[in-house]
Structure formats: structure tokens, C-alpha cells
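First the structure, in the form of C-alpha cells, and then the observations on it.
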2 protein chains.
Amino acid sequence: MEKTSRDPAMTDVARLAGVSHQTVSRVLNNHPNVREQTRLRVKAAIKELDYRPNRAARALVTGKTQLIGVVAQNSTLYGPASLLSAFEEAAGEAGFAVSVGRVKVLDRDSIAAAVERHRDQRVAGIVVIAPNSSAADALADVPAGVPLVTVDGDPDRPTPLVTVDQAMGAFEATKHLIDVGHETVWHVSGPADWFDAAGRVDGWRSALDATSAEVPPVVAADWSAASGYRAGQMLARMPEVTAVFCSNDHLALGVLRAMSERGKNVPHDVSVVGFDDVPEAAYFIPPLTTVRPDFAAVAHETLGLLLEQISDGETTRPRRTVAPTLVKRNSVAPPPR
Amino acid sequence: MEKTSRDPAMTDVARLAGVSHQTVSRVLNNHPNVREQTRLRVKAAIKELDYRPNRAARALVTGKTQLIGVVAQNSTLYGPASLLSAFEEAAGEAGFAVSVGRVKVLDRDSIAAAVERHRDQRVAGIVVIAPNSSAADALADVPAGVPLVTVDGDPDRPTPLVTVDQAMGAFEATKHLIDVGHETVWHVSGPADWFDAAGRVDGWRSALDATSAEVPPVVAADWSAASGYRAGQMLARMPEVTAVFCSNDHLALGVLRAMSERGKNVPHDVSVVGFDDVPEAAYFIPPLTTVRPDFAAVAHETLGLLLEQISDGETTRPRRTVAPTLVKRNSVAPPPR
DNA sequence: GCCGGTGATGTTAGCGATAACACCAGGTCG
DNA sequence: CGACCTGGTGTTATCGCTAACATCACCGGC
């Protein structure tokens, strides 16, 4: 009962299977030149010993780790949090572990420090979730040579980037409202320095332009339900407002509440559309029509882009967008006549 | 301009500093027997080369990684998410990286799989955030010998555990309501299989018992604002209800909305207290009196417990609770007369 | 002034994997 | 029928670090 006996190593497996450790290595790495019978013997030995390869040893000799570093804000916002989950899952499937470096604020110093920590870990690549401009600016400091993909970052920067097609989602949401008969659509926007918010403003505006609808002023808010509520209180007072597209579902929730307090019925008096499709959106009163970003797809694209850089050093098509889908529920109706 | 030149290794630093690589190692590990002057020379060389120790090599020879695995639910709930952030921060300060293994549902198989993935990574220790009974049950499968700490887990299980003192927080919240004059306090509870929820029920009940107040039936809900709203609609109809303690802030938000819709003023007609102190709580209408758990403290205790196990193999005092604090805002007042 | 102790440093031997090459049997080909 | 390939396997060197031991100068005590 030797408690201290170390974990089995490759040589232990080799001895048990009656081969050399190198053959074990070949089996593990799926090299072609191993006889089927040998392969089976080795696999049996691996199973019997509950052998697991030592990643440190492998990393030492190959010079590569199976670790991906993610830099994300210390945030509980739905979008970033979902993205992170999805990415962890995708990376896990590809045999990579994910080391998360949270950052309190997305400023230059914090991001640089997080990136440094990851480089200390010798991660194979780094993903930065950089949804606003201060974060994007910080990326200028990241030394070249480290495979890096930005998610939700600055579309105008030349780094490899994956993002939800915000403009497209906003366009479809707005178009949908116009298609059911609204003359124009008002917009409650997220913080101006967030690319997501900016993209949604763009999409909204171009949908209005495309149909020559009048473009009302943007109602600026942050992402919170509270600010949506304040925006909604204002909009509820204006009889000409029949349709509102909100930059996220929480804002929409606030608008919904404000409308209901002022006796406006959604959707019959005012239609409301959100963005994100948070889990609760289907349980809002009324269930919210909203735009659903495909976080799993974003995660997969991100991982793909990163793995390309890791193996080739280069990458084709370094910018990828993922199309969101409009989820129709009960918060949209034709305008009152 | 040799792009391919490998990263500097310890011998490179040694050569530049005119010492042996072992001396460099000693400097890096803060061994006492190095002359100050030598230490400075080595540090200068490290800086000049931007040398960073190869963790894989170190892990290989020491048999230990600087990685901690966390198993957490794929969740955006405030409590777990905050805890995770706090833990990542604490671990980072201690020089550990954190590898997160998300799990979709907290069942036996998923948790076992996540633990296996972490063991493949040869993590130094594992933290499981196991806030409900199915998760806690799954821990029975984790093989002994892996340093493991449970957070928010089953208080009745003998494994090392760190948790917020839910009962104490609930006790204080309830006591506060009674102290300002309420005859009794109603409780809107979280899901029964969550330990947090159960602990809060216990604390509430014992505060009532301590003052011989009548114990009304528990109003069961999940964690969502929607369920809090439904509970609130019921409570608002009952004139004898003057004080409500909610198991989290989202429930409280729902109750607040239901009260306001029925024309009940908070705090003058009904007092409401929450739990969690989510960032928005101060912006609720009215600003919410609530119980703030100290997630940073939980994270530090967890890390401490884990590091003890990692180094000693054993641990003293394997159960730790962290006291929350009552944050008084404007949702509590004496009952109407 | 020799001896043992001590502080500062160097030397050597692995940790557990992969890469590169060596080797050997058996088949192919001129 | 010997040179040559080729699939299957073993041998050896190596990655970058730490542990353990070796070395050496210098100290104080008897």
C-alpha cells in the first residue's frame, strides 16, 4: 500500500505492454506506423494503470502548451459571461484548457498585466474579450508573436477579430418593426464606447435609411434595466412613439416596466424589441421579441482562428462575424390606428 | 533578426550574469544563500533578457503545477459568478492560474467529467462550487488524494468547505426587521435544494424563534425576479404582511414591483430586505436594504484551505464560514400603525 | 595553525515526454 | 540475388528546470 508511489509514467506503461516507451508515445499521438495488435496491447496497459500523459513533460519538449488564456472583464453582464462559458466549452472539446485572467476594469494597465500573466503561463494563445474602446486600445501594447484573437473588439482595427454581426441583428429587428407597419422606430442605446452598442445603432439607422423612415434621436442609456426604465418613462410620454428597439434585453425590460406604469400596453400601443435573448426574456410581460446572438458559434470561430494562428503562425480571413437571429415573441404588433 | 530564436532559458541568464544556472534558480526561488550583489546581477540579467521561467520544466521536476481547477456551473447567477471572479483574483495574487471547467448541469456525470479533465491537466487542487444537493452528491465520486475544497456546498458533509454564513445573514436581516417594530417577518425563499436557500430559511426561522414571533409559512420561489413578483402579488394582498425577507435581491426586486403595483409603499407600508447586495440593489426603488456576502473573503479562505491541503496533505479546521454584513438602505421602516 | 562549520557557488543527475535516428525483417526490383 | 525501400520498433539526446551533492573560501576556537 505505498501511498507515495508516483503516478505511472510512460515507461511503466511500456514495461507492462512489453514495448518501448517510444511506441507508447506513438500510440498516444496516433502515429500510423504501429501494428494494430501492438496498439491494442498498449491501450490495454494504459487503461490498466490509469495512465495519463504528463502535460508538463510534453510541453517541455514540444515547446507548446495546451492552454489558452482568456482575458475578460470581471463582469456578470449576460453577453460577456455567456461568451466565456461557450468558449470554455469549445476549447475543452478541442483538448485545450482555458485559463481565465479576470480584470476589474478594461484599461490599458490591467489588460497588459493580464496578458503578461498569461505569457508567464506560456499559453498557446490568448483571447481578449474587448467590448469597448479602452479595452481595444490596450491591445496595442500586446507584443506581436503571441497568437491573439479579439472578441467583440474594435471592428476598425486590423487584428484577428470575431464578433456578432450587431448591425445585421439591429437591422433585422428594426426592419421587422417597420414591416409590421410602424412609421419609424426609436432606439434606446447602450454605452457609446461599446462596439456592440455602436454596431446596433448603425444597423438600426441603416434600416431606417433603407426605408426612408425618419430617424429619431438616439436615446442614450447604459446596459441596465434602470436606465432603460428612465428612457422608457420619457418615451411613454410621447404619443408618436409606437416602436422601440432596445440595445439589450435589460433595457427593454426597463422600457416595458415604464410603459406598463404609464398605462401603455405592449404590444398594442407600443412595440418593443430587445437584443441578447437572455434566459428570462421569454418570461417578460409580454414575452420579448429579441435578437439572439449565437455565442456558441462565436466561440467556435474564435477557437478556430486561434488554432490557425497557433499552428500556421498566420491566418486567412482574420475577421469573422456571426449572424444573429431574430426571435419573434409577443412584444411586437402593428401600430395603433 | 532571428525570429526563430527560442525564448531565453535559465542558462542564458546565467551566462549573462556570469554565474551558474543553479544560482539563477536560487535567486528565482528566494533561497537565502545568495550574496546580495550576485542577486542583483542575476535580476538585472533576467530583466534584460525578459526571461520568464518555464513552468512546464519546473512542474516536470517538482511534480507540481501552479494550476488550480475550478468546477462551476455554466451560470450567470450573481452569487456563483462573483465568487468565481473573486477566486480567480485571489489565486492570481498567489501565483496560481485558474482553469475553469464549466458544467452545464450540476449532476454526477458532468462533475465527474470536469474533475477528470482537471486531473488530466494535473492541477494542484480543485475547487468545486456546489451550491445544491445534486452537485454535492456528485462529489462522492471524486477520488481521494486530490486536494479539494467545496464552496457553498453541503454543510453536513465532512469535506473541506467554505461558505458564507447564510444563517447568520438571514438572522440579522430578520432581527433588524423585528427590532424596528415588526411583529413578524415573512420569507420568500430560493429553491429548496440549494444550501444557500436552506441556510437562509434556517436563519430567518431562528430569529423569529428567538423573539417568540409567529413563524409564517415560507413562500417558495426560485431565484428569479419573476418568481419574486408572483410571491409579492400574493403577499401584497395580505394586510397583515408588513415585513418580507427575500432570499436574494432579485426576488426582492420582484416583490418591490408587486408592492408598487398594488399601491403599497415600500418601506412605509411594507419593509423588504434582500440578500446578495447585487450592484443594482442601491438603485432599486427604494434602495434595497440587503445582506452583503463577502465574496473576496470566501475566495481567500478557499484558497488558503486548498493551499494547506496542497502543501501539508492535511488541513486543520476544514470548515470555514464567512460572516456577511447587513447593508442598511431605505427599504426598511417601522410598520404602519 | 589545523579543524570543523558555514555561506556562496558550481556540478551532476534526473523529471517524463518527443524527435531524430538507428536498426531489422521482409518484400520489390533490376 | 544483392541493393533498396519501408513499415514497425528500439535507442539516444534533449527540452529547462530543481534537488542533492560537491567544492571552496573563509571564519573562529583550542
Side-chain angles (χ1 to χ4, degrees), chain A residues 4-43 45-46 49-67 95 97 119-124 311, chain B residues 4-43 45-46 49-67 95 119-124 310-311:
Chain A
T4 38
S5 71
R6 77 202 192 312
D7 288 349
M10 203 173 256
T11 50
D12 301 317
V13 176
R15 198 176 317 116
L16 182 60
V19 296
S20 77
H21 66 119
Q22 179 60 7
T23 298
V24 177
S25 170
R26 279 192 268 258
V27 170
L28 249 38
N29 294 288
N30 293 313
H31 274 257
N33 295 351
V34 180
R35 223 184 342 159
E36 192 55 26
Q37 183 193 336
T38 313
R39 185 185 303 276
L40 292 176
R41 266 217 319 283
V42 170
K43 285 198 169 168
I46 288 174
L49 295 177
D50 187 27
Y51 163 77
R52 20 191 116 214
N54 185 320
R55 301 202 179 218
R58 177 180 292 174
L60 181 56
V61 66
T62 59
K64 292 170 190 285
T65 56
Q66 294 283 100
L67 238 197
R119 294 189 63 206
D120 275 356
Q121 294 284 334
R122 283 189 153 65
V123 296
S311 52
Chain B
T4 38
S5 72
R6 77 202 192 311
D7 288 348
M10 204 173 256
T11 50
D12 300 318
V13 176
R15 200 176 316 116
L16 182 61
V19 297
S20 76
H21 66 119
Q22 180 61 9
T23 298
V24 177
S25 170
R26 279 192 268 256
V27 169
L28 249 37
N29 294 288
N30 293 313
H31 274 257
N33 295 352
V34 180
R35 223 186 339 160
E36 192 54 27
Q37 183 193 337
T38 312
R39 185 183 303 275
L40 292 176
R41 268 218 319 282
V42 170
K43 285 197 167 168
I46 288 174
L49 295 176
D50 188 27
Y51 164 77
R52 24 191 111 216
N54 185 319
R55 299 203 180 217
R58 176 180 292 173
L60 181 55
V61 64
T62 59
K64 292 170 191 285
T65 57
Q66 295 282 101
L67 238 197
R119 294 188 62 208
D120 275 356
Q121 294 284 335
R122 281 186 155 69
V123 295
I310 290 170
S311 53

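This structure is a prediction, so every number in the text was calculated from the model and none was measured. In what follows, chains carry the letters A, B, and so on, assigned in the order in which the sequence lines appear, proteins first and then strands, with residues in each chain numbered from 1. All heavy atoms count here, side chains included; hydrogens, waters and symmetry mates do not.
- Rounded to an integer number of Å, the gap from B:R15 CZ to C:dT9 P is 19 Å.
- DNA chain C is contacted by both A:T62 and B:R41; B:R41 maps to the nucleotide lying nearer its 5′ end (nearest heavy atom per residue).
- Taking a 4.0 Å limit (strictly below) on heavy-atom distances, residues 49-58 of chain B does not reach DNA chain C anywhere.
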Next item on the list: Starting from the C-alpha separation in whole Å, work towards a yes-or-no answer on side chain to side chain contact (heavy atoms under 4.5 Å, CB included) for B:Y51 and B:L16.
Entry: CA-CA 12 Å; B:Y51 164 77; B:L16 182 61; over 6 Å; no
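- Shortest non-hydrogen contact noted between B:D50 and B:P8 is O-CG, 4.3 Å.
- Using a 4.0 Å cutoff on non-hydrogen atoms, the parts of residues 22-40 of chain A near DNA chain C are A:Q22, A:S25, A:N29, ordered by number.
- As a whole-Å value, the separation of B:Q66 CD from D:dC17 P is 14 Å.
- With C:dG16, D:dG10, D:dT18 as the candidates, the nucleotide lying closest to the side chain of A:V61 is C:dG16.
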Next item on the list: Test side chain to side chain contact (heavy atoms under 4.5 Å, CB included) on A:R26 and A:N33 and set out the steps.
Entry: CA-CA 8 Å; A:R26 279 192 268 258; A:N33 295 351; 5.6 Å; no
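- The nearest pair of heavy atoms linking B:D12 to B:D7 is OD2-O, 4.2 Å.
- Base engagement by B:S20 is indicated by at least one non-hydrogen atom pair under 4.0 Å involving a base atom.
- We find that CG of A:L60 is positioned 12 Å from P of C:dA19, with the value rounded to whole Å.
- For the pair A:N54 and B:R122, the minimum side-chain heavy-atom distance is below 4.5 Å.
- Nearest heavy-atom pair across B:Q66 and B:R55 is CB-NH1, 3.5 Å.
- Within the 4.5 Å cutoff, the side chain of B:N30 has heavy atoms near those of the B:R39 side chain.
- Atoms NE2 (A:H21) and P (C:dC15) sit 12 Å apart, rounded to a whole Å.
- Of all heavy-atom pairs between A:T23 and A:T38, the closest is CG2-CG2, 3.9 Å.
- Heavy atoms only, all atoms of each residue included: A:A59 and B:A56 are closest at CB-CB, 3.8 Å.
- Distance, B:M10 CE to C:dT9 P: 15 Å, rounded to whole Å.
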